[in-house]
Asks: 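What follows is a single structure, and I will ask about it in a moment.
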Amino acid sequence: MSEGGTADVVVLGAGIVGVSAALAARQRGLSVRLIDRREPGDETSYGNAGVLSSGSIFPLNKPSLFSALPHYLGNRHAALRWDPLWAARNAGWLVRFLANATPSRVKPRAIALHGLIETSLMLHRDWIVRADATARLRETGWLKAWRSDGAAAAKAEQALLAEYGIRSEVLDRQAISALEPGIVPAYRSGLLHTQTASVDSPGGVTKAYARMFAGSGGQIVQSEIRAIAPETDGWRALLASGAISARHVVVALGPWSAELLRPLGYRVPLAFERGYHQEFKPNPARRLSRPIHDADGSFVLTPMEIGIRVTSGVELTARDAPSSFAQLETVVPLARGVVEFGEAAGPVWRGARPTLPDSLPMIGQAPRHAGLWLAFGHQHIGFTTGPATGAAIAAMIAGAPPPFDVAPFSPGRYL
Ligand SMILES: Cc1cc2nc3c(=O)[nH]c(=O)nc-3n(C[C@H](O)[C@H](O)[C@H](O)COP(=O)(O)OP(=O)(O)OC[C@H]3O[C@@H](n4cnc5c(N)ncnc54)[C@H](O)[C@@H]3O)c2cc1C
C-alpha cells in the first residue's frame with residue numbers, strides 16, 4: 001500500500017524518543033504519523049539496561065575521565081574500548097568531547113540533565129500506568145557496587161548527588177546482602193540510588209506507549225524513510241512506501257539521525273558509544289530485585305522479563321563497524337560470579353548510544369528550517385529521558401512553554 005496524505009506532525013523514528021514525541025503531540029490534539037522501518041522500540045530502545053535513572057546527571061565526559069584515561073589507552077579495559085582508526089578520523093569530536101570533561105563544564109550540564117531527567121521520570125511514572133504496563137515497573141532503585149573498598153567513592157558520589165536533591169544510601173557488605181540476598185557477597189560497598197526505577201523490558205514499555213499513541217488516534221506507519229524535503233507550507237517525508245506531508249517533522253532516529261540532515265546542510269557531530277548485551281536464563285533460587293552497576297567490573301546486570309541481562313561498557317567506533325565481543329566476554333564471567341545464572345537465552349545484541357560532544361541531546365528546532373524539530377543524541381540515558389524530550393518537542397510545536405529548560409539542548413549550539 002502506498003502512503004500519502006497530510007498530518008500536523010510526522011515523527012521519524014519509533015524508539016522511545018519518537019514514540020514519546022508522537023504521543024505527547026497527540027495529547028495536544030495534533031494529528032500525528034509515526035514512521036519507522038521496524039516495529040516501535042525494536043532498536044536501541046529495546047536493548048538497553050532498562051534503568052530509569054534519577055542520578056545520571058554526570059555524563060561520561062566528566063573530570064574523572066582524565067584520571068581514567070591512562071587505563072583506557074591500552075585498549076583492554078571493559079569500561080571503554082576505542083578503534084584507533086576511528087579515533088584518528090574523529091579526532092575533532094574526541095577533542096570536543098574531552099573539552100567538555102573539564103570541571104567548569106560539570107555543573108551547567110548536570111543542571112540541564114537534572115531538569116530533563118526529573119520531568120521524564122514523572123512522565124514515565126504517569127504514562128506507564130495509563131499504558132497498562134505498570135507490572136513492568138520496579139521501584140526498587142539501582143545499586144552501584146564496588147568490589148574494592150568503594151566507601152569513599154560512594155560517599156563522594158552521594159554528596160554530589162545530594163547537591164541536586166537526589167537521594168541515595170551508602171551500603172556496606174552486610175547491607176548489600178540484606179538488600180540482594182540472591183547474590184554472592186562480592187561487593188564491599190554500594191550506593192543505592194533510591195529514586196531510580198527500572199523496567200523488565202524497555203522494548204515492551206516503548207511498545208506499550210506506542211499502543212497508547214495508536215489508541216488515541218495516532219497512526220503508525222512501517223516504512224523505510226529515505227529523505228525529508230521542505231515544502232511551501234511544511235515538510236514532505238519521502239518513504240519507501242510513498243510520501244507524507246506535514247507542517248512539522250520531528251527527527252528522532254537515534255543513532256541514524258545525522259545522515260538524514262546532511263542534504264539540508266547540517267553536519268551533526270554525532271558519535272556512537274556502542275554497547276552490547278546478552279541475556280541468560282535465571283536461576284529461580286537466585287533472584288535479583290534491581291539492576292546492579294558493577295563499578296569495578298564495568299557492566300550492568302538487570303533482571304528482565306526473559307532473564308538476566310548483562311550489558312557492557314562503551315565501544316567508541318563507527319556505528320556499523322563489525323562487532324567485537326571482547327568487552328562482553330570479559331564481563332559475563334564476572335557477572336556470573338555475582339549472581340548464578342544459566343545458559344544464554346538469546347544471541348548477543350549490539351546497539352549504539354548516540355552522543356554529541358557535550359553529551360547533551362539536541363531538543364529543539366533546527367536553526368535554519370522552521371518546522372524541523374530535532375530530538376536525538378541521548379547517550380546513556382535515552383530510555384530515561386525519552387518522555388520529557390517528546391513532551392518538550394510537542395509543547396514547542398504547539399507554541400507552549402516546554403516542561404523544563406530546553407536552552408542547553410538547543411540544536412544551534414552545534415548547527
Ligand atoms: C548497552 C546499552 C545500555 C543502555 N542502558 C540504558 C539505561 O539503562 N537507561 C537509559 O535511560 N538508557 C540506556 N541506554 C541508552 C538508550 O537505549 C538510548 O539513548 C535510547 O534508546 C535512544 O532512543 P532513540 O529513540 O533516540 O533511538 P532508537 O531506539 O534507536 O530509535 C530510532 C529508530 O529510528 C528507526 N530508523 C532509523 N533509521 C530509519 C530509516 N531510515 N527509516 C525508518 N526508520 C529508521 C530505527 O528503526 C529505530 O526504531 C543504553 C544504551 C545501550 C546501547
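Both counts, for ligands and for their atoms, begin at 1 and track the order of listing.
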Asks: When you measure from atom 10 (C) of ligand 1 to each heavy atom in H378, R38, H380, which option holds the nearest one?
Replies: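 It is H380 that holds the nearest heavy atom.
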Asks: Nearest to atom 44 (N) of ligand 1, what protein heavy atom do you find, and at what distance?
Replies: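 The answer is R37 N, 3.2 Å.
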Asks: Could you list the atoms of ligand 1 found under 4.0 angstrom from a heavy atom of I381?
Replies: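 The atoms of ligand 1 under 4.0 Å from a heavy atom of I381 are 10 (C), 11 (O), 12 (N).
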Asks: Between Y187 and D296, is any side-chain donor less than 3.5 angstrom from a side-chain acceptor?
Replies: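 There is no such pair (donor and acceptor under 3.5 Å, judged by atom type) between the side chains of Y187 and D296.
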Asks: Using the side-chain contact (heavy atoms from CB on, under 4.5 Å) rule, pick out the option among V10, L372, L238 that qualifies with I228.
Replies: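 In the set V10, L372, L238, the residue that makes a side-chain contact (heavy atoms from CB on, under 4.5 Å) with I228 is L372.
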Asks: Just distances here: any N/O of V17 and N/O of ligand 1 closer than 3.5 Å?
Replies: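 Among all N and O atoms of V17, at least one is under 3.5 Å from an N or O of ligand 1.
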Asks: Please determine, by modelled atom types, if R105 and N100 share a side-chain donor-acceptor pair under 3.5 angstrom.
Replies: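 Distance-only check passes for R105 and N100.
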Asks: Counting N and O atoms only, with roles assigned by atom type, does the side chain of S148 sit under 3.5 Å from a partner on the main chain of G150, one being a donor and the other an acceptor?
Replies: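 Not at all, since once roles are kept as given, no pair shorter than 3.5 Å links the two residues.
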Asks: For atom 8 (O) of ligand 1, find the nearest protein heavy atom and state the residue, atom name and distance (0.1 Å precision).
Replies: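 Closest protein heavy atom to atom 8 (O) of ligand 1: V51 N, 3.0 Å.
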Asks: Specify side chain, backbone, both or neither for Q379, according to which of its non-hydrogen atoms lie closer than 4.0 Å to ligand 1.
Replies: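 Under 4.0 Å from ligand 1, Q379 contributes backbone atoms alone.
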Asks: Is there any N or O on W349 that sits under 3.5 Å from an N or O of ligand 1?
Replies: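 No: no nitrogen or oxygen of W349 is under 3.5 Å from one in ligand 1.
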Asks: With a distance cut-off below 6.0 Å to the six-membered ring centre and an angular limit of 45° from the axis, does R309 pair with W349 as a cation-pi contact?
Replies: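 Pair R309/W349 does not count as cation-pi.
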Asks: Scan side-chain atoms only and decide if S54 and T196 contain a donor-acceptor pair under the 3.5 Å cut-off.
Replies: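 The answer is yes; a qualifying pair exists.
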Asks: Write out the residue and atom name of the closest protein heavy atom to atom 21 (O) of ligand 1, then the distance separating them to 0.1 Å.
Replies: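 Answer for atom 21 (O) of ligand 1: S45 OG, 3.1 Å.
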Asks: Between H248 and W373, do the side chains contain a donor N or O and an acceptor N or O under 3.5 Å apart?
Replies: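 Yes, H248 and W373 have a side-chain donor paired with an acceptor closer than 3.5 Å.
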Asks: Report yes or no: do E231 and S245 form a side-chain donor-acceptor pair below 3.5 Å?
Replies: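 Yes, side-chain donor-acceptor contact under 3.5 Å.
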Asks: Would G13 count as being in polar contact with ligand 1, using the rule that some N or O on each side must be under 3.5 angstrom apart?
Replies: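 It does not: no N or O of G13 is found under 3.5 Å from an N or O of ligand 1.
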Asks: Which of the atoms in ligand 1, numbered in the order shown and given with their element, are less than 4.0 Å from a heavy-atom of P255?
Replies: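 What qualifies from ligand 1 is 30 (O).
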Asks: Purely on distance, is any nitrogen or oxygen of A252 under 3.5 Å from one on ligand 1?
Replies: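 In this structure, A252 places no N or O atom under 3.5 Å from an N or O of ligand 1.
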Asks: Can you find a pair of side-chain heavy atoms, one from V9 and one from S31, that are under 4.5 Å apart?
Replies: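 Result no, sub-4.5 Å side-chain heavy-atom pair not found.
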Asks: Please round to the nearest 0.5 Å and tell me the distance separating atom NE2 of H71 and atom OG of S298.
Replies: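 Answer for the NE2-OG pair, H71 versus S298, is 11.0 Å.
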Asks: Taking it one step at a time, do H277 and F299 satisfy ring-ring contact (aromatic ring centres under 6.0 Å, His included)?
Replies: CA-CA 10 Å; H277 89 223; F299 62 88; over 10 Å; no
Asks: Which ligand 1 atoms, with their elements, are less than 4.0 angstrom from a heavy-atom of I16?
Replies: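 What qualifies from ligand 1 is 23 (O), 25 (O).
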Asks: If we only consider heavy atoms of S53, is any one of them less than 4.0 Å away from an atom in ligand 1?
Replies: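 No, S53 has no heavy atom closer than 4.0 Å to ligand 1.
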Asks: Provide, to 0.1 Å, the distance between atom 1 (C) of ligand 1 and the closest protein heavy atom, together with that atom's residue and name.
Replies: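 In this structure, atom 1 (C) of ligand 1 has R353 NH2, 3.4 Å as its nearest protein heavy atom.
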Asks: Look only at interatomic distance and state if F383 has a nitrogen or oxygen under 3.5 Å from any nitrogen or oxygen of ligand 1.
Replies: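 The answer is yes, given that F383 and ligand 1 share an N or O pair closer than 3.5 Å.
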Asks: Taking the six-membered ring for Trp, are H114 and F58 ring centroids under 6.0 Å apart?
Replies: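 Not under 6.0 Å, so no.
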Asks: Output the list of atoms in ligand 1 that are nearer than 4.0 Å to some heavy atom of G50, sorted by atom number.
Replies: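 Atoms satisfying the 4.0 Å criterion: 7 (C), 8 (O).
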Asks: Side chains of T389 and H378: do they bring a donor and an acceptor to under 3.5 Å?
Replies: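 Checked: T389/H378 side chains pair up, N/O donor to acceptor below 3.5 Å.
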Asks: Give the contacting part of S223 toward ligand 1: side chain, backbone, both or neither, where contact means a heavy-atom distance below 4.0 Å.
Replies: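 Under 4.0 Å from ligand 1, S223 contributes backbone atoms alone.
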Asks: What residue and heavy atom of the protein are closest to atom 36 (N) of ligand 1, and at what distance?
Replies: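 Result for atom 36 (N) of ligand 1: L253 CD2, 3.6 Å.
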Asks: For T311 and ligand 1, does the shortest N/O to N/O distance drop below 3.5 Å?
Replies: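 N/O-N/O distance below 3.5 Å does not exist for this pair.
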Asks: Ligand 1 and I225, any nitrogen or oxygen pair closer than 3.5 angstrom?
Replies: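 Yes, there is a polar N/O contact under 3.5 Å.
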Asks: In the protein, what heavy atom is nearest to atom 31 (O) of ligand 1, and what distance, to one decimal place, separates them?
Replies: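 Going by distance alone, atom 31 (O) of ligand 1 is nearest to G15 CA, 3.4 Å.
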Asks: Should Y46 and F383 count as side-chain neighbours, where that means a heavy-atom distance under 4.5 Å?
Replies: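 Y46 does not reach F383 side chain to side chain.
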Asks: Provide the full list of side chain to side chain donor-acceptor pair (under 3.5 Å) pairs with a residue in residues 262-274, sequence neighbours left out, each pair given once.
Replies: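 Of all non-adjacent pairs touching residues 262-274, those that pass side chain to side chain donor-acceptor pair (under 3.5 Å) are Y266-H369, E273-T355, E273-H380, R274-Y276, R274-E315.
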Asks: Which residue supplies the protein heavy atom nearest to atom 47 (O) of ligand 1, what is that atom called, and how far is it?
Replies: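 Answer for atom 47 (O) of ligand 1: D36 OD1, 2.7 Å.
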Asks: Quick one: does D42 get within less than 4.0 Å of ligand 1, heavy atoms only?
Replies: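 No heavy atom of D42 comes that close to ligand 1.
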Asks: Which atoms of ligand 1 have any heavy atom of A49 under 4.0 Å away?
Replies: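 The atoms of ligand 1 under 4.0 Å from a heavy atom of A49 are 3 (C), 4 (C), 5 (N), 6 (C), 7 (C), 8 (O).
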Asks: To which protein heavy atom is atom 4 (C) of ligand 1 closest, and what is the distance rounded to 0.1 Å?
Replies: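 That would be N48 CB, 3.1 Å.
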